[in-house]
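Position 1 is the first residue of the sequence, and the numbers go up from there. As the structure lists them, so they are numbered: ligands from 1, and atoms in each ligand from 1. Note that these values count all heavy atoms, side chains included, but never hydrogens, waters or copies made by symmetry. In this text, all values refer to a predicted model and were calculated from it rather than measured experimentally.
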Amino acid sequence: MSQVQGKPILFIDIQEGKDQNNNPTYLFNLTSEAQQLLQQIGERNVAVLVIAGPQRTGKSFLANRFLKQMDGFAIGPTTNPCTKGIWIWSRPVKLNDTTDMIILDTEGLNSVQRDQTIDMKIFSISVLLASMFIYNNLGHIDEQAIENLSLVVRLSENICIQKSTEGDQKLGEFFPLFYWILRDFSLDLKGMTPKEYLEKCLSSLPGNSAEIQKKNEIREKFKQYFRYRDCETLVRPLDDESKLARIELQNWNTLRPEFTQGVINFERKVLANLRPKTIQNKILSGKMFLGLVQEYLQSINTGGIPTILNSLESVISQQVRKEFEDARAEYLRRVNLVFSVDKLPIDEEKFNSTHKAIVDDIFNMLKVKSRNFLDSEQLQVLRKDLQEIMDSEYKIKSTLNTQVSENNSLKIFLNLIQRLSLPTFANSDQIQPNFLIQKYEELQKLLQQYNQQAQGNFKYTIFFQKFPGKIFEFFNAVIGRIYKLFQEDIQKLKVKLQQSNESQDLIRSQIALFEKTNKDLQTEIDEHKNIADQLRRERKLYSAESGGQVDFGKTEEFEMHIDKLNQRIDKLKQENQELQDTLHKTKLDLNDKVLEIQLLKKEIEDLRVIEQSGAGGEMAQQLPDAIGALKDLKQQITQMDDFFSSRSTLNSSVGSVEQHQQEFELYRQEKIKLRLDFKQKLESYKQLVESEKEGLKKNIDVLNSYINELRAKNMQFITQNEEWKKKATVYNDLSDEFNKLKEAFAAKQSNIDSLSQLNQQLQGEIQKLQERQFSIEEQLAEIKIENVEMKSFKEDIFDVMRESLRLVQNKNNSLQNALKRLNEKDIKQLKSCFSSVGIEIK
Ligand SMILES: Nc1nc2c(ncn2[C@@H]2O[C@H](COP(=O)(O)OP(=O)(O)OP(=O)(O)O)[C@@H](O)[C@H]2O)c(=O)[nH]1
Ligand SMILES: [Mg+2]
């Protein structure tokens with residue numbers, strides 16, 4: 001250990017005075033510097049090393065060695081006592097991680113300038129404060145040394161264990177380890193250890209005389225009080241007397257090695273055995289030690305005697321109050337920090353675990369800080385009181401958390417649900433079969449966001465309260481929109497159907513016209529046929545009548561005409577046949593169309609049925625099918641449109657049946673192709689829809705299980721809520737009771753207030769009285785001083801007067817002698833001189 005920085009400061013200042021009966025009085029004051037030092041040690045344990053013993057025995061020098069210096073505490077070279085009162089080193093010495101050592105250097109005992117009362121008080125207070133008491137003595141333990149310790153006999157009159165207890169039997173339990181150190185020791189112990197030597201010196205003397213009894217009483221009391229004792233010897237440090245008188249000016253290494261080694265060994269022993277100041281297993285911190293010193297000094301100064309356990313109790317109760325307040329303040333500080341409104345809401349589990357961590361921490365801190373002075377039972381009581389405060393604060397913060405959670409969750413939910421946009425289909429073509437899956441995914445993201453953003457125990461409550469309504473509202477709006485689009489489509493289809501019907505009527509009327517033309521043609525053919533027959537008959541008739549002399553030129557003309565007619569008839573017949581065929585095909589085609597239209601009508605009808613049942617649950621599942629079917633329909637209608645528009649030229653090209661046939665054939669092939677195409681597309685659409693349906697089903701299953709999970713959680717919340725409600729009723733009852741107690745407390749408080757007011761007034765009056773007393777005492781002191789001065793003045797004045805008179809007489813004689821030597825003239829002149837100032841000389 002290197003030299004300890006600092007300086008000696010007065011620890012207890014002893015003010016001497018006199019009472020009314022002129023008896024000496026002593027006021028022991030703890031200096032403000034010493035108070036600061038103990039405050040500075042604060043919560044660390046304090047080990048107190050006291051060095052006491054007869055005056056002028058090298059106590060201060062030894063104390064300095066514990067600070068590794070030659071000149072720290074004042075060392076006096078004269079026979080006059082050097083140390084007055086009790087001194088302390090201004091800096092604590094670190095003993096270990098938890099404990100600081102303070103060194104008290106006390107005023108020497110047996111001073112001729114002090115009476116035994118003060119020795120007794122210094123000795124008592126030193127014993128009370130020490131964890132280790134070093135008693136320093138010059139020489140060996142002889143009867144004088146034992147006699148010097150006669151103070152121990154009176155210790156029980158000056159120290160009390162507890163107000164109610166009597167006797168000094170147990171006083172030793174509270175006394176420190178006693179180390180007797182013998183300086184300038186030169187005896188040969190003949191193999192005895194110093195401790196054995198001490199014990200030998202403490203053994204009772206034989207004999208029964210009063211003197212022997214007195215000596216033995218000191219020995220007995222000493223052994224009774226100082227149960228743990230030891231002894232150490234040191235040789236004289238220097239032979240040179242003059243150097244010894246100013247030992248503090250010497251170099252440590254120039255002292256006798258036997259001495260220096262002895263001191264080092266002694267220091268080692270002391271430091272190894274020094275323990276924190278402990279009373280009844282309660283280890284004192286710097287602050288508690290300060291409280292204890294103040295308690296003891298107050299007792300001494302008010303004419304009482306220090307009472308160990310009562311003082312300790314008072315110090316501990318102060319400390320307990322302080323620890324309680326500290327723990328409470330720290331708890332509130334942390335809780336207010338962690339659960340401030342800006343940090344709420346917090347999920348209930350996290351809220352509870354955080355609160356528990358704080359509570360555990362505070363209790364641990366309290367346990368650690370109070371372990372030196374509180375047993376587990378007392379700690380339990382303290383914990384209970386603290387727990388009540390914590391419980392009520394927890395309730396306040398928990399309620400706040402719930403409120404904030406409710407408000408925030410609602411805000412977050414409404415904000416997120418607004419983002420779930422309605423589909424913006426302009427028409428049914430834009431409805432994608434997987435749009436529901438998209439919406440489902442959107443919804444899932446929204447739920448994830450809600451789950452991430454919303455916190456606290458109201459998160460799920462808000463979800464279950466608000467979510468179903470909002471989601472039904474949303475899907476109703478979606479279905480409504482789709483329903484509207486389908487309505488529009490149906491309307492359009494109806495118009496198309498109407499147009500188809502009209503086209504059909506047109507074809508029918510065209511066919512009728514065609515048939516009529518055909519019929520007219522047939523009639524014309526028949527007429528021509530009749531004419532030809534008639535001509536043939538007439539020719540035969542002419543030929544028979546004219547015997548073959550007929551003008552055949554005309555006949556040939558007729559025949560040619562007939563041939564022409566026949567050719568035309570054949571052609572017409574052929575055309576008619578072709579027309580018949582075309583007509584037949586067109587009719588077949590028309591029938592097909594009629595069938596298709598009927599199918600179309602049925603599908604529209606089906607669509608309407610789907611659409612009407614659309615508000616129900618199946619709608620969502622059938623919707624992709626319906627959308628596919630609707631698309632097919634539209635495609636078919638488009639194809640029909642094409643067909644009918646191509647057929648509308650039939651009227652103008654009725655004559656070119658072949659062309660129609662070709663067109664028709666083309667159309668037919670195209671239709672077949674389209675049908676095939678359609679079938680394939682339908683198949684792939686169906687597959688797509690099936691797979692989407694599967695996906696959707698899975699998602700719905702996931703959603704269902706999630707909803708079930710949430711439902712289960714909600715159930716838990718409901719039961720928890722029930723429990724809370726029950727707890728709330730209990731809490732209300734408790735709170736009523738608490739309010740009553742509060743009122744009672746307030747009434748008591750007001751009593752206390754008025755009492756404390758009264759107390760304050762009394763204190764004020766006491767203060768005034770004290771001040772008056774002080775001023776009277778001061779006046780008295782001044783008067784006393786004046787008195788003493790007066791006395792000495794009175795005593796001195798006679799000497800002075802005597803001296804003055806003697807001087808005056810001498811002066812007078814010499815004056816008379818001088819006068820005798822004067823002549824008449826001089827006498828006259830002198831007389832006139834004196835008479836000028838009013839003195840007449842005869
Ligand atoms: N013979 C002897 N003298 C010593 C020893 N140590 C110190 N001194 C001298 O003894 C004188 C008193 O020393 P202090 O240390 O002031 O003794 P003290 O017991 O504190 O004195 P008070 O405070 O007046 O009671 C000084 O002149 C020292 O030089 C020692 O071991 N033996
Ligand atoms: Mg001293």
Side-chain angles (χ1 to χ4, degrees), residues 6-14 16 34 49-90 102-116 118-123 125-126 130 133-142 144-145 148-149 151 179-187 194 231-267 270:
K7 59 174 188 191
I9 54 171
L10 197 53
F11 182 65
I12 293 174
D13 177 28
I14 304 166
E16 273 185 73
L49 183 68
V50 173
I51 303 179
Q55 58 153 344
R56 320 301 303 136
T57 53
K59 296 187 296 295
S60 298
F61 175 75
L62 187 65
N64 288 337
R65 289 319 307 164
F66 286 98
L67 303 163
K68 290 283 170 282
Q69 41 197 305
M70 294 297 283
D71 190 12
F73 289 108
I75 298 171
T78 67
T79 51
N80 289 332
C82 179
T83 308
K84 287 272 189 180
I86 299 176
W87 288 72
I88 190 170
W89 195 247
S90 65
I102 55 169
I103 300 170
L104 300 183
D105 181 23
T106 60
E107 178 177 330
L109 305 171
N110 307 335
S111 158
V112 282
Q113 292 173 8
R114 299 269 210 187
D115 65 19
Q116 243 210 343
I118 196 159
D119 276 2
M120 191 64 233
K121 287 191 193 296
I122 291 173
F123 189 66
I125 195 88
S126 301
F133 190 87
I134 297 176
Y135 186 76
N136 192 73
N137 197 36
L138 265 185
H140 53 275
I141 306 174
D142 55 12
Q144 182 53 49
N148 286 347
L149 261 182
L151 292 172
Y179 231 122
W180 198 328
I181 179 121
L182 301 165
R183 313 285 285 272
D184 293 2
F185 191 82
S186 55
L187 288 182
C231 180
E232 202 60 60
T233 60
L234 289 175
V235 296
R236 198 179 168 91
L238 282 166
D239 293 326
D240 186 334
E241 287 292 338
S242 60
K243 281 185 181 171
L244 190 61
R246 296 310 305 267
I247 196 168
E248 75 277 14
L249 302 178
Q250 308 307 313
N251 187 317
W252 173 249
N253 296 323
T254 61
L255 304 183
R256 278 173 69 189
E258 237 183 312
F259 173 80
T260 51
Q261 196 50 52
V263 172
I264 291 167
N265 291 345
F266 174 63
E267 273 172 37
V270 166

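The atoms of ligand 1 that sit less than 4.0 Å from any heavy atom of Gly108 are 25 (O). The Asp184 neighbourhood of ligand 1 comprises atoms 1 (N), 2 (C), 30 (C), 31 (O), 32 (N), with distances under 4.0 Å to a heavy atom of that residue. Close contacts of ligand 1 with Thr57, meaning ligand atoms under 4.0 Å from a residue heavy atom, involve 17 (O), 18 (P), 19 (O). Atoms of ligand 1 found under 4.0 Å from any heavy atom of Ile75 (numbered from 1 in listed order, with element): 13 (O), 14 (P), 15 (O), 16 (O), 26 (C), 28 (C).
Remark: minimum distance from atom 26 (C) of ligand 1 to any protein heavy atom is reached at Gly76 O, 3.2 Å. Atom 18 (P) of ligand 1 has its closest protein heavy atom at Lys59 N, 3.5 Å. Scanning all protein heavy atoms for the shortest distance to atom 9 (C) of ligand 1 gives Leu244 O, 3.6 Å. Protein heavy atom closest to atom 21 (O) of ligand 1, with residue, atom name and distance, is Arg56 NH1, 2.9 Å.
Around CD of Glu16, the count of heavy atoms belonging to other residues, nucleotides or ligands within 6.0 Å exceeds 12.
Remark: Gln261 pairs with Asn265 by the side chain to side chain donor-acceptor pair (under 3.5 Å) rule, at least two apart or across chains.
The residue among Pro54, Ala63, Gly58, Ser60 with a heavy atom at the shortest distance from atom 20 (O) of ligand 1 is Ser60.
Counting heavy atoms under 4.0 Å from ligand 1, residue Arg183 touches it through the side chain alone.
The count of protein N, O or S atoms under 2.8 Å from the Mg ion (ligand 2) stands at 2, with waters excluded from the count.
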